[in-house]
Each structure stands twice: as C-alpha cells, then as structure tokens.
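Comments concern the structure below.
All figures in this text were calculated on a predicted structure; none of them were measured in a lab. Worth knowing before you read on, the calculation uses all heavy atoms, side chains too, and leaves out hydrogens, waters and symmetry mates. All chains are named by letter (A, B, ...) in the order of the sequence lines, taking the proteins before the strands, and each is independently numbered beginning at 1.
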There are 2 protein chains.
Amino acid sequence: MDNYSSDQERTAAFARALGHPARIAIVEHLAQTRACVCGDIVDVLPLAQASVSQHLKTLKSAGLVKGEVEGTSVCYCLDERGWQDAQRLLGRLASTAVECCGSAR
Amino acid sequence: MDNYSSDQERTAAFARALGHPARIAIVEHLAQTRACVCGDIVDVLPLAQASVSQHLKTLKSAGLVKGEVEGTSVCYCLDERGWQDAQRLLGRLASTAVECCGSAR
DNA sequence: CGCATCCATCGTATTATCACGATGAATATA
DNA sequence: TATATTCATCGTGATAATACGATGGATGCG
C-alpha cells in the first residue's frame with residue numbers, strides 16, 4: 001500500500017481520473033458552460049445515462065468535480081481546490097521534463 | 001471510434017499513461033537523474049523487471065519517454081516533445097477550471 | 001395522491017490493466 | 001565459441017475499468 005510516496009499516489013490518481021476521453025469531455029463541458037450543468041452532460045456524450053453517472057462519480061471521488069442537488073436534478077461543476085492540487089502535482093512533473101540522450105550525446 | 005475529438009483522445013491518453021504511481025516514479029527518477037538511466041529503474045521500483053519494462057513501454061507509446069540502445073543496456077530519458085504536448089493539453093484543461101455553484105449562488 | 005423526471009446504484013458482461021515467472025534476442029566479454 | 005548481462009516479449013492469473021439495461025429513491029407537478 002505504501003511503496004510509493006503520497007504525492008506519487010495522488011498525482012497518479014488525478015491522472016487516472018482524467019484518463020478517459022469521456023471524462024475529458026465532461027470537464028471541458030463544465031468549464032465551457034461556466035454555469036453548472038446537470039443532466040445535459042448526458043446529451044453531449046455518446047454514452048448512456050448510467051455510464052455518465054459513473055464517470056461523474058469517478059471525477060467526484062478524485063476531487064475534480066462537485067455536485068449539488070438542485071430540486072430534481074443535480075448540478076455539477078469543477079472543484080477549484082482539486083484542480084489546484086492537480087495543476088500543482090502534474091505541473092511539477094512536466095516542468096522537470098528535460099531531454100538528455102538525444103541531444104546531449 | 002471517433003466519438004471524441006482528437007485532442008480529447010490525446011489528452012486522455014497522456015493522462016492514462018501517467019495514471020499509475022510506478023510510472024510517476026519512473027518519470028520523476030528520469031527527471032532527477034537528468035542523465036539517461038537504464039536498468040537502475042528496476043532497482044528503484046518495488047517491481048519485477050518485466051513489470052518495469054511494461055510500464056516503460058506504456059510511457060514510450062504515449063510519447064513521454066524515449067529509449068536508446070546503448071550496448072547491452074537501454075538508456076531511457078524523457079521525450080521533450082511529448083511532454084510539451086502533454087503540458088499544453090493538460091494545462092489547457094486545468095486553466096479553465098472555474099468554480100461555479102458553491103460560490104456563485 | 002398519482003405520475004413523471006432525474007439521477008444513483010445494482011448486476012453483469014466485456015475488455016483492459018497490472019504483476020509475475022519464463023523464455024528469447026542482442027550485445028559484451030572471456 | 002561459450003557465457004553472462006540486459007532487456008523485451010510471451011503466457012497467465014488476478015484485479016480493475018467500462019458500458020449498459022434495469023431498478024429504486026427523491027423531487028416536482030398535475
């Protein structure tokens with residue numbers, strides 16, 4: 001359970017949550033229509049309602065998306081705090097990407 | 001096969017490639033020891049050699065890592081071009097993360 | 001109350017991921 | 001040529017992810 005550091009686990013968890021085009025599409029859609037969108041996500045995606053709900057659950061448990069009950073429907077939006085963490089962790093990885101063998105030798 | 005845009009597929013592919021702590025650890029190790037490292041990765045990780053090779057293959061086919069044969073061993077390093085793409089695609093996602101329901105209402 | 005709508009969850013089938021030992025290809029060295 | 005080293009690939013088993021229809025709970029409306 002702890003062969004990897006906490007940051008490594010968390011970075012991987014964020015990446016894994018984004019590791020499906022449907023979830024990328026959900027995030028993009030939530031970011032575009034800045035207001036909270038509800039079940040419209042189902043109409044945008046080529047997936048059944050149950051599958052969309054499953055993807056939303058994945059994003060929610062990763063801390064990237066929040067959901068608020070609003071009457072009979074549920075209102076989703078991006079979770080700013082989770083995105084800050086993800087940006088920090090993933091950005092730190094990308095910034096250190098320096099090539100070596102191809103050019104140096 | 002093409003229900004999602006090319007960028008969405010590519011973003012998800014990068015994210016999925018990073019969606020495992022072992023691969024995060026590999027990337028970090030390659031970034032730290034800026035020079036190319038070879039089978040030392042096996043010593044660093046709590047995995048068998050075959051498993052490490054499998055993770056390296058995943059990173060390689062995602063375009064995040066390059067491998068160069070160097071005698072009897074293989075020299076790995078980060079692929080700068082792939083990381084630029086990943087940074088652009090993932091960064092574009094994170095930058096648009098604006099909260100809504102919690103604060104706005 | 002009765003009924004529709006919206007969404008989560010369950011059950012399930014299919015497919016992919018992960019990890020390992022075993023084997024094989026390629027190179028270096030004796 | 002023989003032997004060792006390094007790594008990739010194969011085969012396999014276990015676990016997780018994906019997608020769907022079906023079901024159920026909650027809310028809103030007539």
Mind calculating the distance between [atom1] ([X]) and [atom2] ([N]) to the nearest angstrom?
{"X": "B:Leu18", "N": "C:dT17", "atom1": "CG", "atom2": "C1'", "value": "16 Å"}
{"X": "B:Ile26", "N": "C:dC18", "atom1": "CD1", "atom2": "P", "value": "11 Å"}
{"X": "A:Lys57", "N": "D:dC20", "atom1": "NZ", "atom2": "C1'", "value": "16 Å"}
{"X": "B:Gln54", "N": "C:dA22", "atom1": "CD", "atom2": "C1'", "value": "15 Å"}
{"X": "A:Leu47", "N": "D:dG21", "atom1": "CG", "atom2": "C1'", "value": "14 Å"}
{"X": "A:Leu45", "N": "D:dA19", "atom1": "CG", "atom2": "C1'", "value": "13 Å"}
{"X": "A:His55", "N": "C:dC7", "atom1": "NE2", "atom2": "P", "value": "16 Å"}
{"X": "B:Lys66", "N": "D:dC7", "atom1": "NZ", "atom2": "C1'", "value": "19 Å"}

Could you grab the distance from atom CZ of A:Arg23 to atom CG of A:Leu45, nearest 0.5 Å is fine?
11.5 Å

Residue A:His20, side-chain heavy atoms: nucleotide from C:dC18, C:dC7, D:dT18 that is nearest:
D:dT18

Nearest listed nucleotide, side chain of A:Ala50, among D:dT6, D:dC20, C:dA8
D:dC20

State whether the distance check finds a donor on one side and an acceptor on the other, under 3.5 Å, for side chain A:Gln49 versus base C:dA8.
yes

Would you say the side chain of B:Thr72 and the base of D:dT5 hold a donor-acceptor pair, judged only by whether the two atoms sit under 3.5 Å apart?
yes

Tell me what [X] touches on the nucleic acid: a base, only sugar-phosphate, or nothing, going by heavy atoms under 4.0 Å.
{"X": "A:Ser51", "result": "base"}
{"X": "B:Ala48", "result": "sugar-phosphate"}
{"X": "B:Ser53", "result": "base"}
{"X": "A:Leu56", "result": "nothing"}

D:dA16 phosphate, OP1 or OP2: any side-chain N/O from A:Arg16 under 4.0 angstrom?
no

Exam field: side chain B:Thr58 to backbone B:Gln54, donor-acceptor pair closer than 3.5 Å
yes

Would the distance check show the side chain of B:Ser53 and the main-chain N or O of B:Gln49 forming a donor-acceptor pair, the cut-off being under 3.5 Å?
no

Member of A:Leu47, A:Leu64, A:Leu78, A:Leu59 meeting the side-chain contact (heavy atoms from CB on, under 4.5 Å) criterion with A:Ile26:
A:Leu59

Give the ring-plane orientation class for A:His20 versus A:His55, where under 30° counts as parallel, over 60° as perpendicular and anything between as tilted.
tilted

When the nearest nucleotide of DNA chain D is assigned to A:Thr58 and to B:Val74 on a heavy-atom basis, which residue is associated with the more 5' position?
B:Val74

